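Note sheet for the following structure.
In this text, all values refer to a predicted model and were calculated from it rather than measured experimentally.
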2 protein chains.
Amino acid sequence: MSGTRPSRRSDTRQRIQSVALDLFAEQGYEKTSLREIAERLDVTKAALYYHFKTKEDILSSIYADMTRPVDELIGWAREQPPTLETKLEVLRRYGASLGGAQPLFRFMQENQATLRELKIRHSLKERMMDLVGVMVPPDAPLPTRLRAVTAFMSLHAGVFGLDAVGGSADERMAASLEIAGELITAAHTATGAEPSSR
Amino acid sequence: MSGTRPSRRSDTRQRIQSVALDLFAEQGYEKTSLREIAERLDVTKAALYYHFKTKEDILSSIYADMTRPVDELIGWAREQPPTLETKLEVLRRYGASLGGAQPLFRFMQENQATLRELKIRHSLKERMMDLVGVMVPPDAPLPTRLRAVTAFMSLHAGVFGLDAVGGSADERMAASLEIAGELITAAHTATGAEPSSR
DNA sequence: GTCTATAAGTGGATAGAC
DNA sequence: GTCTATCCACTTATAGAC
């Protein structure tokens, strides 16, 4: 190897992403100005424009970089046999992904109105439906599909937005996984995979 | 009665609220300008300022006027005996409230970041916890409390944001109530009210 | 009760020097 | 790769006429 790759490209780009995400998550996208981002980095607005074409471009790049794990999870899940065990594993991995990209997911959940207007795949809904597709067949009855949706919402609830309910982050995650597991189990058996004692 | 009350006060105030809510829900709070609201009503910005002190004041007034039913529901629920039947009735009534003030609740769900900064009781979380307090005792274990939270989230999911899951609004509401009912039933029996066949 | 006019400021974005 | 300087559209909000 002839060195550590000539293009470390300066880490400014990543520092911008990091600071921008913090501010976006804290105050919302619209209320965060480029001036504010630049100030916190001790550079000027014009410097931002060297690295990113527009404000929206900053957000898009963060989004693309951080959602890869979830996309990989969806890809992985589609290759597995649709057993209950697979589905429970998806829940566990998804929960872990949420933890890893917490500020981004929190931002996405709290700024849906903004994201709807931007050209970013607004992901919350779309990815959710991809995941639901892994959990239950597309022709499953409505309550069954909704059960799957609710399972993922329970995970989201456990990871952010529920400090009010108390407990540590780990405890909340464990509790969420328990509830999500019950919902998916109910949905799974309802699809006729293994008729339960009903 | 000496007439229909002197102060109809001009319905302009209400028309402003109505148009503003539409736009807020459609585009988000920050992206909606007073000019836009005024234009759609064929009045000028200054006219808005006659009826409301600030932009935020418009939103506050909408909020106050439309969330009364939920506050009343919480009040009602607190006077009832905490039976399972009471709790299921709370779910039904809450679902109906959501339907009645759909644009507002959708707005609140999609603009959490904005609401956090405004001086409005951001209600989504606070009201949710009030309702949870009706459903399970404050000292209930974490998974039990989280089950109650998830039940309300399921109702929200059924009312808005889930066109992707298919079905009519009525069908989604019925399915949501079913799932929410299951979660609350589990939480209820878990608190020792009536040990189930477990 | 609604208007015109304008204040005072912020936003995103660009040109061009260094 | 980062800066200075600037543009201009647009924002909330106010003063005061009608």
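Between A:Tyr50 and D:dG1 there is a side-chain N or O to OP1 or OP2 distance below 4.0 Å. Close to D:dC10, at under 4.0 Å from its OP1 or OP2, lies no side-chain N or O of B:Ser33. Dashed line: the shortest gap from a side-chain N or O of A:Arg35 to OP1 or OP2 of C:dG11 is under 4.0 Å.
Following rounding to the nearest Å, B:Ile37 (CD1) and D:dC10 (P) show an atom-to-atom distance of 17 Å. The CD-C1' distance, from A:Glu39 to C:dG11, rounds to 14 Å in whole Å. If you measure from atom CZ of B:Arg13 to atom C1' of C:dT2, you get 17 Å, rounded to the nearest angstrom. In this entry the distance linking CZ of B:Phe52 with C1' of D:dT12 reads 16 Å, nearest Å. Atom NE2 in A:His51 sits roughly 8 Å away from atom C1' in D:dT2 (whole-Å rounding). Across the protein-nucleic acid pair, B:Glu36 atom CD and D:dA9 atom P stand 18 Å apart, rounded to whole Å. If you take CD of A:Glu30 and C1' of D:dT12, they are 16 Å apart, rounded to a whole angstrom. Whole-Å rounding puts the B:Leu41 CG to C:dC3 C1' distance at 15 Å.
No engagement by A:Asp57 is indicated, since no non-hydrogen atom pair under 4.0 Å with the nucleic acid exists. Heavy atoms of A:Thr44 sit under 4.0 angstrom from at least one base atom.
Axis deviation across the helix from C:dG1-D:dC18 to C:dC18-D:dG1 amounts to 10°, comparing end segments of five pairs, rounded to 10 degrees.
In summary, of the residues considered (A:Leu91, A:Leu155, A:Leu98), a side-chain contact (heavy atoms from CB on, under 4.5 Å) with A:Ser176 occurs for A:Leu155 alone.
Under the 4.0 Å criterion applied to side-chain N and carboxylate O atoms, B:Glu178 and A:Arg147 are assigned as salt-bridge partners. A salt bridge is absent between A:Arg40 and A:Glu36; no separation between the charged side-chain nitrogens and carboxylate oxygens falls under 4.0 Å. Using a cutoff of 4.0 Å between basic side-chain nitrogens and carboxylate oxygens, B:Arg68 and B:Glu72 are not scored as salt-bridged.
Rounding to the nearest 0.5 angstrom, the gap separating the OG atom in A:Ser61 from the CE atom in A:Met66 is 11.0 Å.
A distance-only check finds a donor-acceptor pair linking the side chain of B:Gln112 to the backbone of B:Gln109 [under 3.5 Å].
Counting heavy atoms from C-beta outward, B:Thr67 and B:Arg127 have side chains that approach closer than 4.5 Å.
Where B:Thr32 and A:Ala47 each meet DNA chain D at their nearest nucleotide, the meeting point lying more 5' is that of A:Ala47. Remark on DNA chain C: of its neighbouring residues A:Ala46 and A:Lys31, the 5'-side contact belongs to A:Lys31, judged by nearest-heavy-atom nucleotide.
Closest to the B:Leu34 side chain, of the nucleotides D:dT4, C:dA13, D:dA13, is D:dA13. Among the nucleotides D:dT14, C:dA13, C:dT14, the one closest to any side-chain atom of A:Lys55 is C:dA13. In the set D:dT12, C:dA13, D:dT4, D:dT12 carries the atom at the smallest distance from any side-chain atom of B:Tyr49. Ranking D:dT2, D:dA13, C:dT2 by closeness to the A:Thr12 side chain, first place goes to D:dT2.
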**Asked** What do the steps show when you test B:Phe52 against B:Ile16 for side chain to side chain contact (heavy atoms under 4.5 Å, CB included), and what is the final call?
**Response** CA-CA 10 Å; B:Phe52 299 96; B:Ile16 292 172; 3.6 Å; yes
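A donor and an acceptor atom sit less than 3.5 Å apart, one in the side chain of A:Lys45 and one in the base of C:dG12.
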